Amino acid sequence: MTSDWFGMAHERGAAKPNIKLTGGQPAYLEVRIDPAAHGEAGIGPLQRGVAVSTASGQRLEFVLTATVTR
């Protein structure tokens with residue numbers, strides 16, 4: 001299954017996806033970061049995160065750390 005892309009949580013109207021997966025099956029998470037989204041201030045170190053919650057209430061957090069050089 002492939003879902004639509006979702007924007008950052010602070011974006012107006014950004015959806016909080018509710019995607020159900022079959023237990024025991026592999027899942028893949030692809031995260032895209034647009035460093036140009038913050039103009040010249042987007043140059044330098046950045047850190048972005050994605051949180052995923054399971055049906056049992058477990059919260060998984062994925063963090064990407066990078067240095068944007070242009």
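What's counted below: heavy atoms across the whole structure, side chains too, no hydrogens, waters or symmetry copies. Source: prediction; values computed, not measured.
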- Qualifying residues under side-chain contact (heavy atoms from CB on, under 4.5 Å), relative to Ala55, sequence neighbours excluded: none
- Query: Are Val63 and Val50 joined in one hydrophobic group, where the rule is that I, L, V, M, F, W and Y side chains link up if heavy atoms are under 4.5 Å apart?
  - Reply: no
- For Gln58, which residues count as a side chain to side chain donor-acceptor pair (under 3.5 Å) partner, sequence neighbours excluded? none
- Message: The criterion is side chain to side chain donor-acceptor pair (under 3.5 Å); which residues satisfy it with Ser53, sequence neighbours excluded?
- Response: none
- Query: Would Phe62 and Val31 satisfy side-chain contact (heavy atoms from CB on, under 4.5 Å), going step by step from the backbone distance to the final call?
  - Reply: CA-CA 10 Å; Phe62 302 90; Val31 178; 6.0 Å; no
- Can you name the side chain to side chain donor-acceptor pair (under 3.5 Å) partners of Thr54, sequence neighbours left out? Ser56
- Item | Residue list, side chain to side chain donor-acceptor pair (under 3.5 Å) with Gln47, at least two apart or on another chain | Thr65
